[in-house]
Number of protein chains: 2
Amino acid sequence: MYERKIPEDLECGINIAMKVLSGKWKPCIIDGINRGIRRPSELHMHIDAAAPRVINMQLRELEEYGIICKKVYPGLPLKVEYYLTEIGEGTLPVIRALDQWGNENREHVMKVVPQGQE
Amino acid sequence: MYERKIPEDLECGINIAMKVLSGKWKPCIIDGINRGIRRPSELHMHIDAAAPRVINMQLRELEEYGIICKKVYPGLPLKVEYYLTEIGEGTLPVIRALDQWGNENREHVMKVVPQGQE
DNA sequence: CTTCACAGGGAATAATTATTCCCCCACTGA
DNA sequence: TCAGTGGGGGAATAATTATTCCCTGTGAAG
């Protein structure tokens, strides 16, 4: 997406995973695709807090990392769908763990975040 | 840590969790504390790719979020230790899921990251 | 011919986050 | 007095990442 100037430390597994999953909307995108929201325009509508451009960029990154793959249907009107790869499906337990923790601790986090409500 | 200008979307659990866990070194810090690396200087040595200042800042944030708590021993020389709170312990499954995925997919990620080796 | 839906990208800019540099305090040991 | 250890912070700067704005192209519908 952007060009990195500083090398990263990919020693520990945590950093490897964070490298792939970090990105404001990536986990949401993976979750969405997994739930069957496969087309770009659907994702744009579903994650409407993010600008479409951002979703596109993060989709491209996820594709580069081999988390999702893109299927372009030849017909017209244009139709594109994204799917999780096998490796991408492997991230689902992580996503689920994140989601679960977040839901269980929503109250607490809401109390302690400075202002960031929406 | 910094002052946020744009409100966040904490609708879905994923975003809530990412808010608390995102930060280049936070998951490593949580993991370290959980493994018994409790003192700041120990953490500095253990996570030596990060500047001490950064660790300090992320520790403060984690404390604000109630993930860790800080115990200051009155004696001298100074001694400080951090512990996971109950809520902090709740993040361990997430951290473990991240670590596991990262370790299982190290090879793959190494192949696809542009250059970022270290 | 105009407008719409669909998929997408370049460039500039804004926001966020990490990092470096250099400082503080209290005590200990030489 | 001087250096070293242990915990820490302010300010500036650099790097990273998100967002906005506006543009491309094709075909279908009106």
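Each chain gets a letter, A, B and so on, in the order its sequence line appears, and its residues count up from 1. Note that the structure is a prediction, hence the values are computed from the model and not measured.
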Output a table of donor-acceptor pairs, distance under 3.5 Å, between side-chain atoms of residues 45-56 of chain B and any protein atom two or more places apart or on a different chain; print 'none' if there are none.
from    : atom 1 : to      : atom 2 : distance (Å)
B/Asn56 : OD1    : B/His44 : NE2    : 3.4

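At whole-Å resolution of the value, NZ in A/Lys19 and P in C/dT17 are 17 Å apart. Rounded to an integer number of Å, the gap from NZ of A/Lys26 to P of D/dT16 is 14 Å. Spacing between atom CD of B/Glu64 and atom P of D/dG9 amounts to 10 Å, rounded to whole angstrom units. Rounded to whole Å, atom P of D/dG6 lies 18 Å from atom CZ of B/Arg38. In this structure, B/Leu59 places its CG atom 16 Å from P of D/dG6, rounding to the nearest Å. Between A/Glu63 atom CD and C/dG9 atom C1' there is a gap of 15 Å when expressed in whole angstrom units. One interatomic measurement links the two molecules: CE of B/Met57 to C1' of D/dA11, which rounds to 12 Å at whole-angstrom precision. Straight-line distance from the CD1 atom of B/Ile37 to the P atom of D/dG6: 16 Å, rounded to whole Å.
Between the side chain of B/Thr85 and the main chain of B/Ile67, a donor-acceptor pair closer than 3.5 Å is present. A distance-only check finds a donor-acceptor pair linking the side chain of A/Lys26 to the backbone of A/Ser22 [under 3.5 Å]. Looking only at distances, no side-chain donor or acceptor of B/Glu81 sits under 3.5 Å from a matching main-chain atom of B/Lys71. Judged by distance alone, the side chain of B/Asp99 and the main-chain N or O of B/Ile95 form no donor-acceptor pair under 3.5 Å.
Put simply, the side chain of B/Asn15 reaches to within 4.5 Å of the side chain of A/Trp25, judged on heavy atoms.
Overall bending of the helix from C/dC1-D/dG30 to C/dA30-D/dT1, expressed as the angle between end axes built from five pairs apiece, is 20° (10° steps).
Within the structure, the salt bridge (Lys or Arg N to Asp or Glu O under 4.0 Å) test picks out the following pairs touching residues 30-47 of chain A (sequence neighbours left out): A/Asp31-A/Arg35.
Under the side chain to side chain donor-acceptor pair (under 3.5 Å) criterion, B/Asn34 pairs with no residue, sequence neighbours left out. Scanning for side chain to side chain donor-acceptor pair (under 3.5 Å) contacts around A/Glu63 gives an empty result, with sequence neighbours left out. Legend: residues meeting side chain to side chain donor-acceptor pair (under 3.5 Å) with A/Glu89, ordered by chain and number and at least two apart, are absent.
Taking 4.0 angstrom as the limit, A/Gln58 places none of its side-chain polar atoms (N or O) nearer than this to OP1 or OP2 of D/dT17. The phosphate of D/dG8 (OP1 or OP2) has no side-chain N or O of B/Arg60 nearer than 4.0 angstrom.
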Close N or O pairs between protein and nucleotides 21-24 of chain C (under 3.5 Å):
none

Pairs under 3.5 Å (N/O, protein and nucleotides 3-7 of chain C):
from  : atom 1 : to      : atom 2 : distance (Å)
C/dA7 : OP1    : A/Arg39 : NH2    : 3.1
C/dA7 : OP2    : A/Ser41 : N      : 3.2
C/dA7 : OP2    : A/Ser41 : OG     : 2.9

With side-chain contact (heavy atoms from CB on, under 4.5 Å) as the test, would you mind laying out the steps for B/Tyr73 and B/Val80 before giving the verdict? CA-CA 6 Å; B/Tyr73 291 84; B/Val80 171; over 6 Å; no
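Distance from the side chain of A/Lys24 is smallest for D/dT19 among the nucleotides D/dT19, D/dG9, C/dT19.
Map B/Val72 and A/Ser22 each onto its nearest nucleotide of DNA chain D; the residue landing nearer the 5' end is B/Val72.
In summary, of the residues considered (A/Thr91, A/Val20, A/Val94), a side chain to side chain contact (heavy atoms under 4.5 Å, CB included) with A/Ile30 occurs for A/Thr91 alone.
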